[in-house]
Each structure stands twice: as C-alpha cells, then as structure tokens.
Amino acid sequence: MNVTVLLFASYAESLGKTSLVMPLNTGDTVGDVVSRIRSLPGAGTLPVEPLVAVNERYAKRDRVLAAGDEVAIIPPVAGG
Amino acid sequence: MNVTVLLFASYAESLGKTSLVMPLNTGDTVGDVVSRIRSLPGAGTLPVEPLVAVNERYAKRDRVLAAGDEVAIIPPVAGG
Amino acid sequence: MRSALVDRPIDAADLLGEIARNANGATVLFVGTVRETNQGRAVSGMEYTAYRSMAECEMAEILREASQRFATKDIVLEHRLGTLRLGEASVAIAVAHPHRGLAYEASRYIIEQLKKRVPIWKLEHYIDGTREWVGAGNVNPEPIAVHRPEVVTEERRAVRKAEIR
Amino acid sequence: MRSALVDRPIDAADLLGEIARNANGATVLFVGTVRETNQGRAVSGMEYTAYRSMAECEMAEILREASQRFATKDIVLEHRLGTLRLGEASVAIAVAHPHRGLAYEASRYIIEQLKKRVPIWKLEHYIDGTREWVGAGNVNPEPIAVHRPEVVTEERRAVRKAEIR
C-alpha cells in the first residue's frame, strides 16, 4: 500500500526530487507522512507543519490516508 | 459691468439657453446672480442653492463677483 | 500622468501601454460602460456633455491628488463626450503602482471623485423614445433636439476674453 | 466565468472582450507584472511553476466564490507559467458588473485569495546571477538548473492512475 508524495519549488530543490512513492501503514495520517519526509536528507528547510494537499485539496494533519492518495507538500505559495 | 453666466444640461434645457450676459452691481455675490437667474422664465427646476463655479472653480454663495467673471450654474454632475 | 476629454472611442489597451513601467508590479484598469438598463428602464444610448474647460481642470486636479495620496505618477484618465452606444466605454482609468493595494485605492479614489466633482452630464435615451438627464429628475420627457452646451461655452469664452481685453 | 494557467503571454484586451456585456456598467481589470526590483534587489526575470491540476481547481473555486459573493459571472482569470521577462504580465483578472463597487471588490477578492491559496511558486532571478524562491527564504543562492515540478507531476499522476486501476 503506497502513496505518491509530490514536492515542489524550494522543497523539490532541497530534497533533490519532485516526487516519491512512500509505503503506507493502515491508519497513517498526513502528519505521519510529513514526519517521514522530514527525516530524509535535505529536508531541513521543511517546516514541522507544512501545508499539505491530498488529491489536490488542502488537508489537515490528522487526515487518514488511503492507498493511491496523492499527497503534495506545498511550499509557501507565491502566485500573482 | 457684466458677468457671463453659463448654463448646462437640464438647466440649459429648462431656461432655453446655454449662456447669458448679466449686469453686475458692485458687491454682487454668487447668491445674488443665482437669485436673478431663478427669477427667469423656465428656472423652476433650479434649486435655491445650486452648485456654482466661478472662472472654472467651485465657488461659495457669498463669493463677491468681479467684472468679466465666468459664472457657471452646475447641475448635478453625472460623469462616469 | 494624463487626463483628457475625448470625442472618439476609448482604447483601454492604449491606456495600459501608456503607464507600463518595469518599476510597477500592479496595474488596475477601471472602465465604465453604457448599460442597457437603468433603474428598470431600457436604455438605447447615452449622450455626454461637459463644461469642458472646467472638467479638464478638475480631472487634472483629481489626478494630482491621487498621485500624492497613493504615491504614483503612472495614471491616465480619459472621459468620452458625445453620443455613445450600449456597451461603449464612457470613462477609463488606468493606474500602475509597485504595489497592488495602492493601485486599487488610487483607481477607486479617482472614479469616486470624478463622479462627485467633474462637471459632466449625461442624457439617457430610452428605447421608448424618451430621454432624461441622469441625476436631475425627469425635466423633459419629450424627445426634443439636444443642446450641446460645451460648444457654445467655447464661443462664450472667446467673447469673455475679448471683453476683458 | 473562466480561469486558466497559460504558457503564453496574457492579452489583457482579450480578457476585457471576453466579459463585455451590455448588462454591465463597470469593468475592473487587474494585471500583475514582473517588477525590476524586489526588496531592494535588482531582478532580471521570474520563473513561475505550479502544481498545475490543483492550481486549476483552486482558481476555479475562487471564481465560484467570487461569483456568489459579488453576484456576477462575468469573470476571467489567467495566470501565466514559465519564464517571464521584466514588465510581462504574470496574472490578469477581469471582472464586469452592473455596479462598480462590487466589480472592485470581486477583483480584489480574487487576487488576494489567489496569492493565499493557489499553489504557484516563483523563482526570482537577479541580475547578479543568483536566484531565490519568493516567500521561501534563500534556500540555494547558487545559480543551478531549475526543476520543473509540474511536468513531472503530470507523469506521476499518470503513474498513480495506472496504480489505482
């Protein structure tokens, strides 16, 4: 059971990749996935609680993930 | 000693003219000229205290006029 | 900074080009157009007249005020006179500024002041053939020939200047 | 009502034409452009990337909200992605409304919400050769090759969809 994690902009640059596939345990939340991402090399610039989207919608830290979910770690947005 | 009085839009239509030359007595104010205009035929639509400009600037009712002044009676403006 | 009364269609894209500078990050354009209804009545067109010389002075003064209050000189304002069809632009204001907040505020300030102070009048024509001076009440509901006071004004000014000399 | 991410220059006049209707009396256009300085540093250009699919959803949602709050469907929003030169438009919002107050408010609402919620990022390039992700701090001051996450995102989505099937 996996989720896809997308990285963008400064986070993608810091971690050296724009996406990764991460194994998921039953009951894992957004917060659990973020913690695992933050333990990767280069993740020092990620805040403890970054903005996260699940399947293209902003999601809270306690959102429980399902297989195949697309989890996006969203750096501070700067459109306009 | 005269002043030119300019009329516009609804006021010009009511009074049937767009300008007139009016004799001026020493010390006459904007208010005096307005009173005389209001006594003309068709001036029923003019309010007691219409907006007035003297020489292209808004002026108060007690402004004393000088020979050659251009006095404009300004209907409610509706630009835009 | 430029303001003008014009007797031809307003080209909004031209105004945007006129104020474009790389120092600015935000541009706000306001365009006022002739609406097909006003207070429930079906409109067929609009006729704008002005006390031209004074209107030009007031428009320039409003731009000076906006420039000082909102810290930009990249402002252009055009108001059209004459007979306009539905949908045509009667007024356009373009403001550019390094920051968007002040661009919006300057734009709003200019249109509100214009509507309050600039001696421009509009004669609304309705599809039933009647006409009305907007803001002045229904002074003459019959369709009649329209005066064009600003033309006579120019003549009068010439007379006045001659008298003063 | 239409919102889009575009990979070509934004044509503001086109947007104005798109929302023009005789029922409207006021049109407000906002254009955001690349500024030559930011926080005192000389800028040479800007590179915009996005989480494309989500950005499109959020932009459409913001327009729906604005339409309900301010009572108009005559709204169009375009945000450009890719490499932009100084003075080029990164975003444009055109709103038309019967009344000007709500046109201004809708325009302002849309740009503020866009800046708050839509997953778009900009990499600012400076004339001294350095670059910085705006809003993210100076994570890498060395000039290096730029990732284009949105392209990979599309690939990833295809992979994900294949995995689900």
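Not measured: the values here are computed from a predicted model. Here is the naming used below: chain letters follow the sequence lines, and residue numbers restart at 1 for every chain.
With a 6.0 Å radius and a threshold of 12 heavy atoms from other residues, nucleotides or ligands, C/Lys73 has its NZ atom at or below the threshold. For C/Arg85, the CZ atom is loosely surrounded, since the number of other residues' heavy atoms within 6.0 Å does not exceed 12.
Atom OH of C/Tyr51 is separated from atom CG of B/Leu6 by 5.0 Å, given to the nearest 0.5 angstrom.
Looking at every heavy atom in both residues, B/Ile74 comes nearest to C/Met54 through CD1-SD, 4.3 Å. Here the shortest heavy-atom pairing between C/Val118 and B/Val77 reads O-CB, 3.3 Å. Closest heavy-atom contact between C/Leu114 and B/Gly80: CD2-N, 3.6 Å. Among all heavy-atom pairs drawn from C/Arg131 and B/Glu13, the shortest one is NH2-OE2, 2.7 Å.
Residue contact with chain B, scored on non-hydrogen atoms closer than 4.5 Å, involves the side chain of C/Glu58 exclusively. When heavy atoms are compared at a cutoff of 4.5 Å, B/Tyr58 approaches chain C by way of both its backbone and its side chain.
Under a 3.5 Å cut-off, the side chain of C/Trp121 and the backbone N or O of B/Pro75 do form a donor-acceptor pair.
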